[in-house]
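So the structure is just underneath, and the comments pick up after that.
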2 protein chains.
Amino acid sequence: MKVKKDMMSGEDIRNAGLKVTLPRVKILGVLEQLEHGHVSAEDLYKLLLDAGEEIGLATIYRVLTQFESAGLVTRHHFEGGQSVFELDRGDHHDHIVCIRCGKVEEFFDQTIEDRQQEIATSKGFAVEAHALTIYGYCKDPKCKGS
Amino acid sequence: MKVKKDMMSGEDIRNAGLKVTLPRVKILGVLEQLEHGHVSAEDLYKLLLDAGEEIGLATIYRVLTQFESAGLVTRHHFEGGQSVFELDRGDHHDHIVCIRCGKVEEFFDQTIEDRQQEIATSKGFAVEAHALTIYGYCKDPKCKGS
DNA sequence: AGCCGAATGCAAAAGCTTCTCATTTGTTGC
DNA sequence: GCAACAAATGAGAAGCTTTTGCATTCGGCT
């Protein structure tokens, strides 16, 4: 059973069969301190620059992809064309995104999870993953209404 | 209440406030005859070529975007980077995609729909849309298992 | 400390999608 | 029907995000 983790470290990188390099440690560090938890590769690049770390965008993409394969990070395809990444702390959840301000909130609902499994099974599919994203306007006065 | 439509026509284009041009009619026609119902812009371009219609890719993107605004077509962001389009016949549904062969099946589940609405409301969001896609291996022997 | 393969940075390239603009095509009124 | 005008199209250029090639650098192990 997976346990929710609060801290990631070089250990996690090593366990993924990757060398513990400075870029990888810094990227993991930034992902960990994110307030909202969701960033594009570009955003991550800028955050690292702000933190004084000059890490090439290509490296960021490479590392994020490796982290994804290792299960350290999850990649989402929200509307808008670019991929958004999030640290995988072991607790699966879905998303609700404000289409005005872009805010992302998370939720988990066992009823939905169960129904998905049932539906897949009834169609002969073996579920590997799923992506559920609700789009709407959040409660912020600036976003509310249309 | 929306009604499921089997046929689209020039009327639908006109009602969207668009001129009834040859490219638009042809695109709508191909979308209508699709077996699986889901195509990328590129696929659509090739299908039209096969049908002897030389319609530029740029036009296809433009028209699909207009159709989307008009509610004639729905755009999905499945994994893989490119957008996939589908004729909107008025019946909302979600998708289950085989990650081996790419087959797409549709489903609708009122329980899930209701739960989504409840979750959004509890978080102060006004739902505008949602995207639920289950990824897995379909029952085809070539895809089954991992 | 030194070696070797892995990792990085940069720039170039590759996909997908959008934009620009000259040309063509619907539509509307006569 | 036909002229007139705006809207739509096609072709290529441009824009973005993401990936790749290659020389250089770095981390891990002896």
Side-chain angles (χ1 to χ4, degrees), chain A residues 9-30 38-49 51-70 72-86 102, chain B residues 9-30 38-49 51-70 72-86 102:
Chain A
S9 68
E11 274 307 293
D12 295 284
I13 297 174
R14 194 184 311 278
N15 290 339
L18 302 168
K19 283 191 186 176
V20 183
T21 62
L22 196 139
R24 298 214 255 241
V25 171
K26 293 297 178 187
I27 289 173
L28 197 54
V30 169
H38 304 80
V39 272
S40 64
E42 185 79 33
D43 291 342
L44 194 44
Y45 174 68
K46 287 179 188 149
L47 285 170
L48 285 162
L49 274 188
E53 305 292 338
E54 298 227 0
I55 298 176
L57 200 46
T59 299
I60 292 178
Y61 274 106
R62 265 187 303 237
V63 171
L64 285 172
T65 302
Q66 293 158 343
F67 280 5
E68 186 190 11
S69 303
L72 292 176
V73 152
T74 307
R75 182 194 304 245
H76 302 291
H77 301 271
F78 295 157
E79 290 180 6
Q82 62 185 29
S83 295
V84 175
F85 301 84
E86 161 186 37
Chain B
S9 67
E11 274 306 295
D12 295 284
I13 298 174
R14 195 182 310 277
N15 290 339
L18 301 167
K19 283 190 187 174
V20 182
T21 62
L22 195 140
R24 299 216 254 241
V25 171
K26 293 298 179 188
I27 290 172
L28 197 54
V30 169
H38 302 81
V39 270
S40 63
E42 185 80 32
D43 291 341
L44 194 43
Y45 174 67
K46 288 178 187 149
L47 285 170
L48 284 162
L49 274 188
E53 304 294 338
E54 297 227 359
I55 298 176
L57 200 44
T59 299
I60 292 178
Y61 274 106
R62 263 186 308 237
V63 171
L64 285 173
T65 302
Q66 293 158 342
F67 281 5
E68 185 190 11
S69 304
L72 292 176
V73 151
T74 306
R75 181 194 304 246
H76 302 290
H77 300 271
F78 295 157
E79 290 181 5
Q82 64 186 33
S83 296
V84 174
F85 301 83
E86 162 186 36

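In what follows, every chain begins at residue 1, and chains take the letters A, B, ... in the order their sequences are listed.
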Checking all strands, does A:Arg75 fall into the base, sugar-phosphate, or nothing category for heavy-atom contacts under 4.0 angstrom?
-> nothing
Going by heavy atoms in the side chains, are A:His76 and A:Ser83 under 4.5 Å from each other?
-> no
Protein-nucleotide distance (A:Arg14, atom CZ; C:dA7, atom P), rounded to Å | 13 Å
Drop me the distance from A:Leu48's CG to A:Ile55's CD1, to the nearest 0.5 angstrom.
-> 4.5 Å
In residues 59-69 of chain B, which ones come under 4.0 Å of DNA chain D, going by heavy atoms?
-> B:Thr59, B:Arg62, B:Val63
To the nearest angstrom, the CG-C1' distance between B:Leu44 and C:dT17 comes to 14 Å
When the nearest nucleotide of DNA chain C is assigned to B:Ala41 and to B:Leu22 on a heavy-atom basis, which residue is associated with the more 5' position?
-> B:Ala41
Is there a side-chain contact between A:Val63 and A:Gln66 (heavy atoms, below 4.5 Å)?
-> yes
Taking side chain as C-beta onward, heavy atoms only, is A:Arg75 less than 4.5 Å from A:Leu64?
-> no
A:Glu54 CD - D:dT25 C1' separation (whole Å) | 16 Å
A:His76 atom NE2 is separated from D:dT18 atom P, nearest whole Å, by 14 Å
Would a 4.5 Å heavy-atom cut-off, applied to side chains only, mark B:Leu49 and B:Glu54 as touching?
-> yes
Using a 4.0 Å heavy-atom cut-off across all strands, classify B:Ser40 as base, sugar-phosphate, or nothing.
-> nothing
Whole-Å gap separating P (C:dC16) and CD (B:Glu79) = 16 Å
Non-hydrogen side-chain atoms of A:Arg24 and A:Phe67 separated by less than 4.5 Å = yes
Under 4.0 Å between any heavy atoms, over every strand shown, what does B:Glu42 touch: base, sugar-phosphate, or nothing? Just pick one.
-> nothing
For B:Leu57 and C:dC16, give me the distance from atom CG to atom P, rounded to whole Å.
-> 10 Å
For A:Ile13 and A:Lys19, the nearest pair of non-hydrogen atoms, with its separation, is CG2-O, 3.6 Å
Nearest whole angstrom, please: distance from the C1' of C:dT17 to the NE2 of A:His77.
-> 17 Å
Please tell me which of the listed nucleotides, C:dA11, C:dC16, C:dG26, lies nearest to the side chain of A:Ala58?
-> C:dA11
Figure out the CG/P separation between B:Leu48 and D:dT9, and round it to whole Å.
-> 12 Å
Which residue, A:Thr21 or B:Pro23, contacts DNA chain C at a nucleotide closer to its 5' end, judged by nearest heavy atom?
-> A:Thr21
